[in-house]
Amino acid sequence: MLRTHTCGDLSKQHIGERVTLCGWVQSVRDHGGVIFINLRDRYGETQIVCDPRRDQESHREAERVRKEWVVRASGVVEARPPESLNPNMATGEIEIACDKLETLSVAQTPPLEIDDSKVANEEIRLRYRYLDLRRPSMQRNLTIRHRVAQAVRQYLSDRGFLEIETPLFVRSTPEGARDFVVPSRLYPGRFYALPQSPQLYKQLLMVAGVDRYFQLAPCFRDEDQRADRQPVHTQIDLEMSFVDEADVFEVVEGIVATAFKAGSGIEVATGFPRMSYQEAIDRYGLDKPDTRFGMELIDYTDLVADCGFSIFSKAVANGGQVKGLNIKGGATMPRREIDELGEFVKIYKAKGLAWMRVTDDGLESSIAKFFTEQELTAIRERAQAEPSDLLVFVADTPKVVATSLGWLRNHLARKLDLIPDDVYNFIWITDFPMFDWNEEENRWEPMHHMFTMPKQEDMQFLASDPGRVKGRLYDLVLNGMELGSGSIRINRPDIQAEVMNVIGMDRAEAERRFGFLLKAFDFGAPPHGGFALGLDRLVAQIAQAESMRDVIAFPYASGVSLVDGSPAEIDEQQLRELRIRVVGTEGDQK
RNA sequence: GGAGGCGUGGUGUAGUGGUUAACAUGCCUGCCUGUCACGCAGGAGAUCGCGGGUUCGACUCCCGUCGCUUCCGCCA
């Protein structure tokens with residue numbers, strides 16, 4: 001080794017020892033005589049003191065040294081003078097009295113500052129990711145991610161799960177997101193897809209008798225960018241045989257608690273509360289409710305069905321709802337900001353946001369005149385309104401009402417600072433509908449995927465009323481974010497056939513796409529179920545990172561790797577081998 | 001596919017229809033023996049993303065375009 005210790009190792013107990021450290025120069029403070037160098041590595045920072053009275057040669061080198069140079073410093077660990085102790089530094093009680101300073105590598109001035117208090121913009125950070133990652137907070141994130149992954153592996157291994165890798169070149173399926181596709185050279189005109197998840201393979205492993213499987217699986221989805229999404233992300237993917245929901249919940253809760261403990265030391269109480277999908281929608285508007293604050297949705301539908309305000313009464317007459325929020329203390333919100341809330345809900349297809357200010361004298365609003373005194377009183381009581389509150393309303397289809405108010409609620413919580421720090425509200429969302437009606441294509445489609453087992457008591461409605469059928473599927477939500485999802489799967493061909501029937505997939509099509517799985521089920525498939533947790537999202541929470549990208553070493557920006565510039569064109573020769581011709585780029589199509 | 005935001009020295013920001021384009025930090029030089037966001041003095045560094053238009057005059061206003069970003073659609 002070129003060093004005897006790291007830059008985080010040394011403390012008072014090493015005083016008097018002769019040591020050698022290697023690292024990057026974080027800062028140089030030249031006092032004309034003595035020069036202080038802060039030397040940084042993954043483990044910390046240590047002050048190197050170059051005093052010309054001790055050693056002239058190393059002092060001369062210290063005058064030359066610049067930030068981010070890689071150097072090696074030898075000397076004796078000394079206690080700092082009492083007035084020079086630095087309590088803000090882990091190694092602040094000691095310093096290295098340097099008598100040998102060696103430059104291992106010089107560095108150009110970096111295009112961004114290696115400083116947690118001066119973070120550059122995302123594009124620069126990603127292009128020079130190797131510099132961005134030098135920052136202590138990023139090193140910390142990478143470390144936390146590693147510890148979480150290790151702990152999860154250990155946890156699952158201890159419970160009999162086998163870590164098994166599944167193929168990364170799989171058959172493309174039109175379900176779900178768009179696939180990333182890889183051309184085959186040996187079989188021109190044919191393509192592999194990168195897996196969106198190991199779903200089908202892990203089910204095959206259950207048929208194979210593996211009983212308990214897990215994998216930290218890379219998953220690929222060709223979707224448009226979102227703050228909490230990456231084209232490549234990692235799932236803690238697991239599957240278990242002979243289980244029901246409670247067994248899966250127990251394991252997943254254990255994983256989460258283990259991960260938090262390992263990553264941040266935070267103790268998570270298991271036995272997460274459960275809430276049905278319908279209750280989540282009714283009370284919070286979203287299937288991933290943030291339960292860290294109140295301001296739940298208030299249903300006025302029955303009160304305003306026959307009111308004089310036609311926007312409300314018509315919405316009800318058309319099968320819609322009128323719901324709203326009570327923004328406590330919001331009456332002082334200026335008109336301009338209320339209008340902004342109106343603009344906000346329009347994103348979610350709401351036509352507008354009605355509002356009333358609650359005053360000592362009653363409800364003050366341009367729409368108050370359309371309501372009778374009794375109606376206004378009823379609204380106030382329903383909202384438990386107090387003077388200085390602001391009531392807002394959306395009247396629309398149940399879906400628009402829920403979505404717009406649900407997101408408005410989250411938006412307001414952030415804006416009004418209603419979200420407490422350091423609270424981790426886990427919640428299981430259960431009893432999802434099996435199917436979702438696709439307006440455009442006029443057909444039912446699976447809410448989760450087509451291998452989800454319907455609830456026993458709803459099985460009878462599969463043919464007659466698919467919308468009524470609930471599935472044995474569940475999401476885990478943390479602070480309003482979906483951490484993962486899973487289900488109990490279908491293991492019987494007859495039920496599978498019925499489900500495929502609902503979504504309008506005939507035997508031939510099913511055979512073509514999933515024939516291998518259906519075939520497997522003919523040979524004795526155990527009841528099984530599983531879950532997939534988003535590792536990136538989980539670690540981001542544990543590390544309290546601003547963004548999921550902060551816990552991924554080399555994330556993508558809009559599907560582009562700013563580090564290596566991919567995706568990139570390939571050689572003509574490669575294209576020929578693959579029998580691929582590029583017929584046009586976006587600009588010259590159409 | 002659609003909507004919004006941003007784009008100004010290396011980096012992060014400020015800015016106004018007429019400026020010498022400001023500030024911080026970084027960089028370079030000099031001074032300084034106890035700093036640790038060291039300090040002090042000086043210096044270099046920007047055709048204000050790109051193209052077009054309006055105007056006597058555009059970094060500023062308008063249109064287009066590119067890039068990044070957030071969101072809708074899409075998607076666990």
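Within every chain, numbering begins at 1; the chains are lettered A, B, ... in the order of the sequence lines, protein sequences first and strands thereafter. Being a predicted model, the structure only gives us computed values, none of them experimental.
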**Item:** ring-ring contact (aromatic ring centres under 6.0 Å, His included) against A/His449, all qualifying residues, sequence neighbours excluded
**Value:** A/Phe451
**Request:** Please name all residues satisfying ring-ring contact (aromatic ring centres under 6.0 Å, His included) with A/Phe249, sequence neighbours left out, ordered by chain then number.
**Result:** A/Trp428, A/Tyr474
Using a 4.0 Å heavy-atom cut-off, does [X] contact any base of the nucleic acid, only the sugar-phosphate backbone, or nothing at all?
{"X": "A/Asp30", "answer": "base"}
{"X": "A/Ile124", "answer": "sugar-phosphate"}
{"X": "A/Glu113", "answer": "base"}
{"X": "A/Arg178", "answer": "nothing"}
{"X": "A/Gly176", "answer": "sugar-phosphate"}
{"X": "A/Arg221", "answer": "sugar-phosphate"}

Contacting residues from [range], given that a heavy atom lies under 4.0 angstrom of RNA chain B:
{"range": "residues 72-101 of chain A", "value": "A/Arg80, A/Pro81, A/Ser84, A/Leu85, A/Asn86, A/Met89, A/Glu95"}
{"range": "residues 46-64 of chain A", "value": "A/Gln47, A/Asp51, A/Arg53"}
{"range": "residues 548-561 of chain A", "value": "A/Arg549, A/Ala557, A/Ser558"}

Nucleotide nearest [X] (side chain, heavy atoms from C-beta), chosen from [options]:
{"X": "A/Asp224", "options": "B/G26, B/G73, B/U33", "result": "B/G73"}
{"X": "A/Ala120", "options": "B/C38, B/C72, B/G12", "result": "B/G12"}
{"X": "A/Arg29", "options": "B/U33, B/C72, B/C36", "result": "B/C36"}

Can you check the distance between [N] and [M], where both ends of the measurement are the [atom1] atom (answer in whole Å)?
{"N": "B/U47", "M": "B/C59", "atom1": "P", "result": "13 Å"}
{"N": "B/G2", "M": "B/A44", "atom1": "C1'", "result": "46 Å"}
{"N": "B/U54", "M": "B/G64", "atom1": "C1'", "result": "15 Å"}
{"N": "B/A21", "M": "B/U16", "atom1": "C1'", "result": "10 Å"}
{"N": "B/C6", "M": "B/C27", "atom1": "P", "result": "31 Å"}
{"N": "B/C48", "M": "B/G10", "atom1": "C1'", "result": "16 Å"}
{"N": "B/G42", "M": "B/G7", "atom1": "P", "result": "32 Å"}
{"N": "B/C23", "M": "B/G45", "atom1": "C1'", "result": "15 Å"}

**A/Asp550: partners by salt bridge (Lys or Arg N to Asp or Glu O under 4.0 Å), with sequence neighbours left out** =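 Residues passing salt bridge (Lys or Arg N to Asp or Glu O under 4.0 Å) with A/Asp550: A/Arg125.
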**Asked** Mind checking what makes salt bridge (Lys or Arg N to Asp or Glu O under 4.0 Å) contact with A/Arg64, not counting sequence neighbours?
**Response** A/Glu61
**Message:** Restricting to non-hydrogen atoms, name the atom on A/Lys202 and the atom on A/Phe531 that form the minimum distance, rounded to 0.1 Å.
**Reply:** NZ-O, 3.4 Å
**Prompt:** What heavy-atom pair brings A/His233 and A/Gln235 nearest, and what distance separates the two atoms?
**Reply:**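 Smallest interatomic distance, heavy atoms only, reads NE2-NE2, 3.5 Å.
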**Request:** May I ask you to verify if any side-chain N or O of A/Gln225 is less than 4.0 angstrom from the OP1 or OP2 atom of B/U69?
**Result:** yes
**Asked** Using purine N1 to pyrimidine N3 plus N6-O4 or O6-N4 for Watson-Crick, or N1-O2 and O6-N3 for G-U wobble, each under 3.5 Å, what pairs with B/G67?
**Response** B/C6
**Asked** Does any nucleotide pair with B/C23 by Watson-Crick or G-U wobble geometry, both distances under 3.5 Å, and what is it?
**Response** B/G12
With sequence neighbours excluded, what pairs up with [X] under the side chain to side chain contact (heavy atoms under 4.5 Å, CB included) test?
{"X": "A/Pro398", "value": "A/Gln321"}
{"X": "A/Lys349", "value": "A/Val400"}
{"X": "A/Asn425", "value": "A/Thr291, A/Arg292, A/Val423, A/Asn479"}

**Message:** Parallel, tilted or perpendicular, judged at 30° and 60°: which one describes the rings of A/Phe272 and A/Phe426?
**Reply:** parallel
**Message:** If I take atom CD1 in residue A/Ile37 and atom P in nucleotide B/A37, what distance separates them, rounded to the nearest angstrom?
**Reply:** 17 Å
**Prompt:** A/Tyr348 has an atom OH; how far is it from atom P of B/C71, in whole Å?
**Reply:** 8 Å
**Prompt:** With a 4.0 Å cut-off, would you call A/Arg145 and A/Asp536 a salt bridge?
**Reply:**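 Salt bridge present between A/Arg145 and A/Asp536.
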**Request:** Indicate yes or no: does A/Asp132 engage A/Arg129 in a salt bridge with an N to O separation below 4.0 Å.
**Result:** yes
**Asked** Side chain of A/Arg229, base of B/C74: donor and acceptor closer than 3.5 Å?
**Response** yes
**Item:** hbond_proxy A/Arg66 side chain to B/G26 base (donor-acceptor, 3.5 Å cutoff)
**Value:** no
**Item:** Pairs where residues 87-99 of chain A contributes a residue and the test side-chain hydrogen bond (donor to acceptor under 3.5 Å, both in side chains) is met, not counting sequence neighbours
**Value:** A/Arg18-A/Asp99, A/Gln47-A/Glu95
**Item:** RNA chain B: 5'-proximal contact among A/Leu126 and A/His448 (nearest heavy atom)
**Value:**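 Per heavy-atom nearest nucleotide, the more 5' residue is A/Leu126.
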**Prompt:** Which pairs, with at least one residue in residues 401-418 of chain A and sequence neighbours excluded, count as a salt bridge (charged side-chain N to carboxylate O under 4.0 Å, His left out)?
**Reply:**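 Matches after skipping sequence neighbours: A/Glu337-A/Lys415.
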